[in-house]
Trainee: 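The structure's right below; bear with me while I get my questions together.
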Amino acid sequence: DTGSAAAVPINEVDIAYVTPVTVGTPPQTLMLDLDTGSSDLWVFSSLTPSSQVRGQEIYSPAKSSTSKLLSGHTWSIRYGDGSGSRGTVYTDNFTIGGLEVESQAVQTAQEVSSSFTQEQSLDGLVGLGFSTLNTVRPSSQLTFFDNARPKLDEEVFTADLKYHATGSYDFGFIDRAKYTGNITYTPVQQSPGYWTHSLSGYAVGSGAFQSTQIQGISDTGTTLLYLPTAIVTAYYRQVQGAQNSQYYGGYVFPCSSTLPTFTFGIEGARFTIPASYINYTRISPTSSTCYGGLQSSSGLGINIFGDVALKAAFVVFSGTNPPRIGFGTK
Ligand SMILES: O[C@H]1CN[C@@H](c2nc(-c3ccc(C(F)(F)F)cc3)no2)C1
């Protein structure tokens, strides 16, 4: 089997992407954020206090003839930005892009943090990290990809995220129409559960490529690209008026500045992020100061190849044994 679904940016700066999914019988449609940096599938639900729901679609297990309570099981998760949620668990039919998993663990939120309440076009997350990261207790649950795997034509899913446009996630096949040339693969270290791999180096604008291994995680749920401080300062040294602002918590610059491109390597292949992707957003609607899409990872303890980098390529997440990740030019 295969599946294919849209990845729709939730605002005008691509802060996150949501994908239509269906849960239960008859199908209830929700828009979920597919996140390769976590492994919980959770949804706003009929169990979420109405004071915490602001425009989101909810899953009501009571309205589904195929829902089953996973008795005694709970979950609680915290994301990199400090947001979080927690609740109980049902199993139910779950589909993405026509690909169905009969008994998917669907984690129903009983509490969500304020930043989820405020994000009214996001109804929950689908974790596509390794199932070892799942937070359901006493027994952890499998991701949609792990459940779907036995029925997939090929043990892969792909991400084709786009700049200020709708892209796609495919399951079980690699769509040759979505990239040119060949996919370049590199090994993934699946512990502790992220899609962890290395870049083979980088270049700032037309500068020489610096060959250096940079280990990090490819994380579709993270908006920006976070790299070591030395690389980030080398980049913004090329930007007139750029500064690392304590106040704004990162590199900002005059919106009128000319930004260089940023190139990263996967093995011998090279992928160039256009300057426009790195001119991420105005710090406020009327400001002439802009916030960068490339920021330092020094406070995170890990480098994160988020959407600013991933949307510059066609990315294959391969669940083969051993797992690997592939990048294609598009
Ligand atoms: O934890 C890491 C795993 N992947 C990264 C991730 N972060 C979120 C997220 C989504 C939406 C929101 C909110 F809607 F604004 F609240 C917040 C965080 N989803 O994946 C970070």
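Position 1 is the first residue of the sequence; numbering continues from there. As the structure lists them, so they are numbered: ligands from 1, and atoms in each ligand from 1.
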Trainee: Over 60° means perpendicular and under 30° means parallel, so tell me whether Tyr235 and Phe262 are parallel, tilted or perpendicular.
Mentor: perpendicular
Trainee: Do Phe264 and Tyr202 have their ring centres less than 6.0 Å from each other?
Mentor: no
Trainee: In terms of atom number and element, which parts of ligand 1 are under 4.0 angstrom from non-hydrogen atoms of Asp33?
Mentor: 10 (C), 19 (N)
Trainee: In terms of side-chain heavy atoms, does Thr117 have a donor or acceptor partner in Gln52 at a distance below 3.5 Å?
Mentor: no
Trainee: Can you pull out the closest protein heavy atom to atom 12 (C) of ligand 1? Residue, atom name and distance to 0.1 Å, please.
Mentor: Phe116 CE2, 3.5 Å
Trainee: Decide whether an N or O pair under 3.5 Å exists between Asp219 and ligand 1.
Mentor: yes
Trainee: Heavy atoms only, cut-off 4.0 Å: how does Ile15 contact ligand 1, side chain, backbone, both, or neither?
Mentor: neither
Trainee: Could you please spell out the steps behind the side-chain hydrogen bond (donor to acceptor under 3.5 Å, both in side chains) verdict for Thr186 and Glu267?
Mentor: CA-CA 7 Å; Thr186 195; Glu267 306 291 346; 2.6 Å; yes
Trainee: I'd like to check which ligand 1 atoms, numbered from 1 as shown, lie under 4.0 Å from a non-hydrogen atom of Glu119.
Mentor: 14 (F), 15 (F)
Trainee: Taking all non-hydrogen atoms of both residues into account, name the closest pair between Arg270 and Ser200 and its distance.
Mentor: NH1-OG, 3.6 Å
Trainee: Does some side-chain heavy atom of Phe94 sit less than 4.5 Å from a side-chain heavy atom of Leu32?
Mentor: yes
Trainee: At a 4.0 Å threshold, what atoms of ligand 1 neighbour a non-hydrogen atom of Tyr79?
Mentor: 1 (O)
Trainee: I'd like to check which ligand 1 atoms, numbered from 1 as shown, lie under 4.0 Å from a non-hydrogen atom of Asp81.
Mentor: 17 (C), 18 (C)
Trainee: Where's the contact between Ser83 and ligand 1, heavy-atom distance under 4.0 Å: side chain, backbone, both or neither?
Mentor: side chain
Trainee: For atom 20 (O) of ligand 1, which candidate among Leu34, Thr223, Asp35 holds the nearest heavy atom?
Mentor: Asp35
Trainee: Of all the atoms in ligand 1, which lie at a distance below 4.0 Å from a heavy atom belonging to Gly80?
Mentor: 1 (O), 2 (C), 21 (C)
Trainee: Can you measure from OG (Ser140) to NE2 (His73) and round to the nearest 0.5 angstrom?
Mentor: 9.0 Å
Trainee: Are Leu199 and Tyr185 connected in the hydrophobic side-chain network, where two residues link if heavy atoms are under 4.5 Å apart?
Mentor: no
Trainee: Given Gly37, Ala16, Gly129, which has its nearest heavy atom closest to atom 3 (C) of ligand 1?
Mentor: Gly37
Trainee: Tell me which protein heavy atom sits closest to atom 6 (C) of ligand 1, plus the residue, atom name and distance to 0.1 Å.
Mentor: Gly221 O, 3.1 Å
